[in-house]
S.K.: 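So that we are looking at the same thing, I have put the structure below in structure tokens.
Note that these values count all heavy atoms, side chains included, but never hydrogens, waters or copies made by symmetry. Below, chains carry the letters A, B, ... as their sequence lines are ordered, and counting in each starts from 1.
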Protein chains: 2
Amino acid sequence: METLSHSEEQVMTALWDCGKPATRREIAARLPSGCTWADSTVLNFLLRLEKKHFVRPDKQGNKNIYTPLVRRVTYCGAASAAHLQRLYGGDLRAMLGALADTGRVSFTDMERLARYLDNRAAESPEYDYD
Amino acid sequence: METLSHSEEQVMTALWDCGKPATRREIAARLPSGCTWADSTVLNFLLRLEKKHFVRPDKQGNKNIYTPLVRRVTYCGAASAAHLQRLYGGDLRAMLGALADTGRVSFTDMERLARYLDNRAAESPEYDYD
DNA sequence: AAATATCTTCCACAAATGTAAAATAAAGTA
DNA sequence: TACTTTATTTTACATTTGTGGAAGATATTT
């Protein structure tokens with residue numbers, strides 16, 4: 001799969017967050033609060049995402065409605081797998097440990113996660129492929 | 001913290017993997033197997049890492065011995081937190097789900113992880129900061 | 001010492017990225 | 001219809017990244 005820059009990822013994330021095809025204004029509204037990009041900057045990223053076949057713009061009058069062409073879980077899964085490989089050699093526990101140490105992922109989060117994984121384990125034998 | 005490019009991250013990862021200060025040859029030997037970088041490419045990345053204060057080269061005769069100046073867990077934790085925020089709005093479960101769906105992280109891995117988290121929860125009350 | 005092999009640093013250059021102004025087009029409005 | 005607003009597309013340009021050759025410095029061998 002084609003790769004995205006961090007900025008492009010943020011725009012895709014905003015679009016995915018919209019939950020349905022969206023205009024550039026709706027997308028911009030979902031960008032992280034601190035974001036100060038000019039209108040044309042956002043539009044330009046959308047152009048580049050179109051070139052990379054990540055979105056399709058549909059003309060509605062003079063406006064564009066953007067539809068994601070890649071599923072979030074597909075792209076993000078691949079990106080996270082690459083990240084995991086590059087930084088931790090694929091060791092998931094190492095990543096979780098590093099995240100915990102930042103303090104930005106709390107013990108409570110981890111606990112919830114553990115419960116989630118336990119459930120997933122119990123209910124989803126289809127993931128047993130190794 | 002200063003940010004690194006993917007290539008620079010790979011070089012840092014290789015250095016961290018060495019477990020101790022290392023020469024550029026030792027570092028290069030730890031790069032992912034498929035890597036075809038020319039010698040001067042690796043050296044150049046090390047130069048850039050030096051500019052960014054991620055490594056310190058100590059001359060040993062004409063050779064350089066490179067020492068990491070940033071702890072792996074520090075950099076990787078921050079990088080992963082940023083990744084998590086950018087792609088999943090900070091939702092760790094979403095990331096784990098996406099990873100599981102790639103098939104590159106197996107159910108067994110997840111199970112092991114769940115046990116690890118449970119233990120961490122039991123043994124490390126110092127992580128209870130929220 | 002001369003020749004040879006190693007190392008590192010400097011330079012170069014194309015491609016990608018971040019950022020946005022200028023140009024163009026379409027739509028709404030006085 | 002002429003003016004104003006809003007959208008999109010083009011173009012621009014500095015910075016960073018990926019990649020490695022050329023040049024300079026040090027050591028090793030004959």
S.K.: Round to a whole Å and report the spacing from CG of A/Leu47 to P of D/dT10.
M.R.: 7 Å
S.K.: Side chain of A/His6: nearest nucleotide among C/dG18, C/dT17, C/dT8?
M.R.: C/dG18
S.K.: Where the side chain of A/Thr13 meets the backbone of B/Arg86, is there a donor-acceptor pair that is under 3.5 Å apart?
M.R.: yes
S.K.: Can you figure out which of D/dT11, D/dG18, C/dG18 approaches the side chain of B/Ser7 most closely?
M.R.: D/dG18
S.K.: Return the value, rounded to whole Å, for the distance between atom NZ of B/Lys63 and atom C1' of D/dT26.
M.R.: 10 Å
S.K.: Checking A/Gln10 side chain against A/Ser7 main chain: does a donor-acceptor pair fall under 3.5 Å?
M.R.: no
S.K.: Quick one: on DNA chain C, does A/Leu4 or B/Lys59 contact a more 5' nucleotide (nearest heavy atom)?
M.R.: B/Lys59
S.K.: Between D/dG18 atom C1' and B/Asp39 atom CG, what is the distance in whole Å?
M.R.: 16 Å
S.K.: Do A/Trp37 and A/Leu46 sit in one hydrophobic cluster, given that two such residues count as connected whenever their side-chain heavy atoms are within less than 4.5 Å of each other, even indirectly?
M.R.: yes
S.K.: Specify the separation, in whole Å, of atom CG of A/Asn44 and atom P of D/dA14.
M.R.: 17 Å
S.K.: Which is more 5' along DNA chain C, the nucleotide nearest A/Gly61 or the one nearest A/Thr3? Just name the residue.
M.R.: A/Thr3
S.K.: Is there a side-chain polar atom (N or O) of A/Ser40 under 4.0 Å from OP1 or OP2 of C/dA22?
M.R.: no
S.K.: For A/Glu9 and A/Tyr75: C-alpha separation, side-chain torsions, deciding distance, then whether side-chain hydrogen bond (donor to acceptor under 3.5 Å, both in side chains) applies.
M.R.: CA-CA 10 Å; A/Glu9 280 181 356; A/Tyr75 175 78; 2.6 Å; yes
S.K.: Taking atom P of C/dA5 as reference, at what distance in whole Å does atom CZ of B/Arg25 sit?
M.R.: 14 Å
S.K.: If only side-chain N and O atoms of A/Trp37 are considered, is one of them under 4.0 Å from the OP1 or OP2 phosphate oxygen of C/dT19?
M.R.: yes
S.K.: Nearest heavy atom decides the nucleotide; on that basis, is A/Asn64 or A/Arg48 closer to the 5' end of DNA chain D?
M.R.: A/Asn64
S.K.: Rounding to a whole Å, what distance do you find between B/Lys51:NZ and C/dC11:P?
M.R.: 10 Å
S.K.: Check for a donor-acceptor pair, side chain of B/Tyr88 on one end and backbone N or O of A/Cys76 on the other, with a separation under 3.5 Å.
M.R.: yes
S.K.: Could you tell me how far apart B/Gln60 (CD) and C/dT8 (P) are, to the nearest whole angstrom?
M.R.: 12 Å
S.K.: Quick check for you: among D/dT9, C/dT9, D/dG20, whose closest atom lies nearest to any side-chain atom of B/Tyr66?
M.R.: C/dT9
S.K.: Heavy atoms from C-beta onward define the side chain here; which of C/dA27, C/dT9, D/dT17 lies closest to that of A/Asn62?
M.R.: C/dA27
S.K.: Would you say a side-chain N or O of B/Thr41 is under 4.0 Å from OP1 or OP2 of D/dG18?
M.R.: no
S.K.: Check the distance between D/dT6's C1' and A/Ile65's CD1 and give it to me in whole angstrom.
M.R.: 14 Å
